[in-house]
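Everything numeric here is computed off the predicted structure, so don't read it as measured data.
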Amino acid sequence: MFATLSDRLTATFKTLRGKGRLSEADIDATAREIRVALLEADVALPVVKEFIAAVKERARGAEVSQALNPAQQVIKIVNEELVQILGGETRRLRFAKQPPTVIMLAGLQGAGKTTLAGKLALWLKNQGKQPLLVAADLQRPNAVNQLQVVGEQAGVAVFAPEPGNGVGDPVGVARDSIEHATSKLYDVVVVDTAGRLGVDAELMQQAADIRDAVHPDETLFVVDAMIGQDAVTTANAFLDGVGFDGVVLTKLDGDARGGAALSVASVTGRPVMFASAGEKLTDFDVFHPERMASRILDLGDMLTLIEQAEKAFDASEAEKIAKKLSDKGGKGFTLNDFLDQMQAVKKMGSLKSLLGMLPGAGQMREALDNFDDRELDRVQAIIYSMTPAERENPKIINGSRRARIARGSGTQVSEINQLIERFFMARDMMSQAAQGKMGGLPGMGGGMPGMPGMPGMPGGGKKSKGRQPKQSKKGKKQRGARSGNPAKRAAQLAEAEERRNQSPAPGQVPSAFGGAQDNNSENTDFQLPDDITEFLNKR
């Protein structure tokens, strides 16, 4: 979503690099480019004005003028100001001292409240809570059925006493849900309320009545991040009519310009608490302003990547894999282990989004956009088409076996060859890393080891040839080269041996290449001190 903004800001900062100091003109030009980038991203004008004023004031201060690298200092200032307009610090849910904690969702129809209710319930369940979903949206057709389906997918109970489709009292349903949760020992209640295509008095009154009936501990305003400036207008209307404690952004994986995310928190004064960036129920997490600012500036989001890896990978299994890689040169690491590791990576989410969290990912955005996550499925199909013996020892896979595996997996023999070749390459690399022998990796294009021929991705596709040493021209003798004639080569070897065994005469210096060098010869003006010469002659 923030690709265009990220590209513009990155290009702006490139012009500052290499400058020992920043002039007033440099600061004004940089501020102008940042202003244009924010406006093109559909950020609200008052937010842009406040942001630019803060950046220019700090850029003219001592923290930049006295810095060793002014360009990096300006990037630091922009990063800190982005964090501020995104809400500052990470805002966590407040849980009631006496359960159940009541969370009310409000927003326009189409913002994704019902699906988000299921995502939030699953997230709470993973936090060790016992959530209950409440179907209080009785206006939209099939809203109750949708919530029941989402609740079943998340493995969470749903309170839906009314059929919906215009039948039932949403305020009564919300009120009764609290008693039901208390009697059944649910500690969190998530109330899904009705939305409208636009802000109207009926919508506001119904949301206000539900709020008064359940007294929510947290009221979350759900906003579609793709609707642009209208998100700020709607947020202000809900803030005045109902009030809310935090904002939840949905559809962050869209291709809109994303100005709403940068505007809502600053305009309403309410922090963004959660973000949803996908259709799966697991595509939901706490919103961290500092991490989002880092992504916008193409500095990566390694903390989120590490957190997702900790969830997907089992510590004991990781230790077993590390032991296999460190013993016997990694020969114990098989295609079965490789498949397990690949499936764990898939649990972390889309490989495209994972690679997008790496620093500098904006420089390979075109390759990421062209990358197909189904490549992992093809790799999995190839490995599943192998026999257990072939997975344990891929070296036994000959031509006929490769043809059989290609037919079984619906792929080409060339893809089988690439997979096996890259598997051995990845195993050797990981084995060296596990043994602490990994140094630089010349020739590696930054691609993921083991991933077979992924067009468009660094390190994917055909095996790239490393830079080869220049060959000497035909017929041109190299200095010090041995003759191809056996008699001449024997004479050369004898002469070299004689030079090595020759002891230095008085006044001569032992040569580093054997033999001796005359200290008083015409070829050098260097004279050894008498005591050093005397010492050498005694040896």
With rounding to the nearest 0.5 angstrom, report the CG to CD1 distance, Leu419 to Ile383.
5.5 Å
Separation between CG (Leu86) and CZ (Arg291), nearest 0.5 Å, reads 13.5 Å
Surrounding CD of Glu89 (heavy atoms of other residues, nucleotides or ligands, distance under 6.0 Å), is the total greater than 12?
no
At what distance, to the nearest 0.5 angstrom, does CG of Asp377 lie from CE of Met342?
8.0 Å
Do Arg391 and Thr334 have side chains that approach each other closer than 4.5 Å (heavy atoms only, starting at C-beta)?
no
Heavy-atom side-chain proximity of Phe424 to Lys395 below 4.5 angstrom
yes
If we ignore hydrogens and angles and just use 3.5 Å, is the side chain of Asp187 paired with the main-chain N or O of Lys129 as donor and acceptor?
no
Could you state the interatomic distance from CZ (Arg91) to NE2 (His288), rounded to the nearest 0.5 Å?
14.0 Å
If you round to the nearest 0.5 Å, how far is OG1 of Thr387 from CZ of Arg401?
5.5 Å
Evaluate the side-chain proximity of Arg140 to Thr114: yes if any heavy-atom separation is below 4.5 Å, no if none is.
yes
The reported gap from CD in Glu81 to CZ in Phe51 (rounded to nearest 0.5 angstrom) is 6.5 Å
Please check if the side chain of Ser294 supplies one atom and the backbone of Glu290 the other of a donor-acceptor pair under 3.5 Å.
no
Taking side chain as C-beta onward, heavy atoms only, is Leu122 less than 4.5 Å from Val156?
no
With sequence neighbours left out, the residues meeting ring pair (Phe, Tyr, Trp, His ring centres under 6.0 Å) with Phe274 are Trp123, Phe284
Could you tell me whether the side chain of Arg402 and the main chain of Ile397 form a donor-acceptor pair under 3.5 Å?
yes
Examine distances only and state if a side-chain atom of Asn145 and a backbone atom of Asn142 form a donor-acceptor pair shorter than 3.5 Å.
no
Do Lys184 and Phe159 form a cation-pi contact, if we require the NZ or CZ to be under 6.0 Å from the six-membered ring centre and within 45 degrees of the ring's axis?
no
My understanding is that only residues two or more places apart in sequence, or in another chain, count here; which of them pass side-chain hydrogen bond (donor to acceptor under 3.5 Å, both in side chains) with Asn79?
none
Would you mind reporting whether Pro289 and Thr90 have side-chain heavy atoms less than 4.5 Å apart?
yes
